[in-house]
There are 2 protein chains.
Amino acid sequence: MSKREDTLSHLLDRCREEGMRITAALEKILSLLNSKEGPVTVKSLLKSKNIEGSCDPATIYRLLQKLEENGIIRKIGLHDRSTHFILNESGQHRDYVVCLDCGDVEVLEMTCPVEELENKVSKNTGFQDVYHELQFYGICPECAKGK
Amino acid sequence: MSKREDTLSHLLDRCREEGMRITAALEKILSLLNSKEGPVTVKSLLKSKNIEGSCDPATIYRLLQKLEENGIIRKIGLHDRSTHFILNESGQHRDYVVCLDCGDVEVLEMTCPVEELENKVSKNTGFQDVYHELQFYGICPECAKGK
DNA sequence: GTAATTGCAAATCATTTGCTTCGTA
DNA sequence: TACGAAGCAAATGATTTGCAATTAC
């Protein structure tokens, strides 16, 4: 069994534990999120080959909402018309660079310097269950070239 | 002249430099952004006393777009239905904590540890004009209490 | 005076909801 | 079989756009 398949079945287990039923639409969403390293937009989910035509958008939105409530995926706030989601794997925090021109998202291979600040923020503000999101924005080499 | 008025007239100067005409709607938007420490949602702009009734939403959206293109304001990606904007004052970088329950946004009083990473990211990825956005999310004390 | 900006109405796009039918547990 | 999930259609909300009237420079 490949690493990916393994993760997928583990994700399905987590859904089961949360009382969700395992349906075709759910498997498709998780499989797609699992196949990408970076965040995925709702739009690209809806347009993806496995989903478009076979699942209703309302179904996808409902599933994403439920997955988020159950802590299996996380919404992340990139500047785009369409919301982005990513698997919420503990200890797998990643940061991104986003091209303000074409919207391209790259995953950064670096140690995140902010993790240790979460406790500090929590202590200073009284907020609970604090996590963070860090994004870099700029113009990607392709777009810069095109100018 | 107060600090705030001073900043406002400076903002209007920047707009003039960018070739924008100084209209009532523009002044209202900048004045409101200037009066807040944290980010402002489009919704709250539209609902604000000075604007609602006297300016058309389309006008506000168009101005915000133009202000962003001209680098006078920045869009920031908090998780909410409505987009957030903030004045783009150089050297005035701020980070935030957002309550996932009520949406309350607090400005953090701390030195941001990420600024120095921007150059590194730029070097590693080839992206240009890199800046960053850092947000913390959690449950604010009020909401935690309400549970 | 003239080109940019506004207001209004209509169009678009993302997301949500109601309700009936379907399929997993 | 029963209850959660899916599909479909209609509602909502945010944002965009076309165009004629207005206004800053």
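So that the names make sense, note that chain A is the first sequence line, chain B the second, and so on, each numbered from 1.
Atom CZ of B:Arg62 is separated from atom C1' of C:dA9 by 12 Å (rounded to the nearest Å). We find that NE2 of A:His79 is positioned 16 Å from C1' of D:dT15, with the value rounded to whole Å. Protein atom CE of A:Met20 is 13 Å distant from nucleotide atom P of D:dG4, rounded to whole Å. Rounding to whole angstrom units, NZ of residue A:Lys66 and P of C:dT17 are separated by 14 Å. Nucleotide C:dT16 holds its C1' atom 13 Å from the CG atom of A:Leu64, rounded to whole Å. Counting to the nearest Å, the P atom of D:dC25 and the CD atom of B:Glu17 are 14 Å from each other. Per the geometry, CD belonging to B:Glu27 stands 15 Å off C1' belonging to C:dT6, to the nearest Å. If you measure from atom OH of B:Tyr61 to atom C1' of C:dT12, you get 13 Å, rounded to the nearest angstrom.
Between A:Ile22 and B:Asp56, it is B:Asp56 whose nearest contact on DNA chain C lies nearer the 5' terminus.
The aromatic rings of B:His79 and B:Tyr137 lie parallel to each other, with less than 30° between the two planes, well short of the 60° mark.
Between the side chain of B:Glu118 and the main chain of B:His132, a donor-acceptor pair closer than 3.5 Å is present.
Side-chain proximity of B:Thr83 to the nucleotides C:dG7, D:dA5, D:dT15 is greatest for D:dT15. Looking at the side chain of B:Gln65, the nearest of the listed nucleotides D:dT16, D:dA5, C:dA14 is D:dT16.
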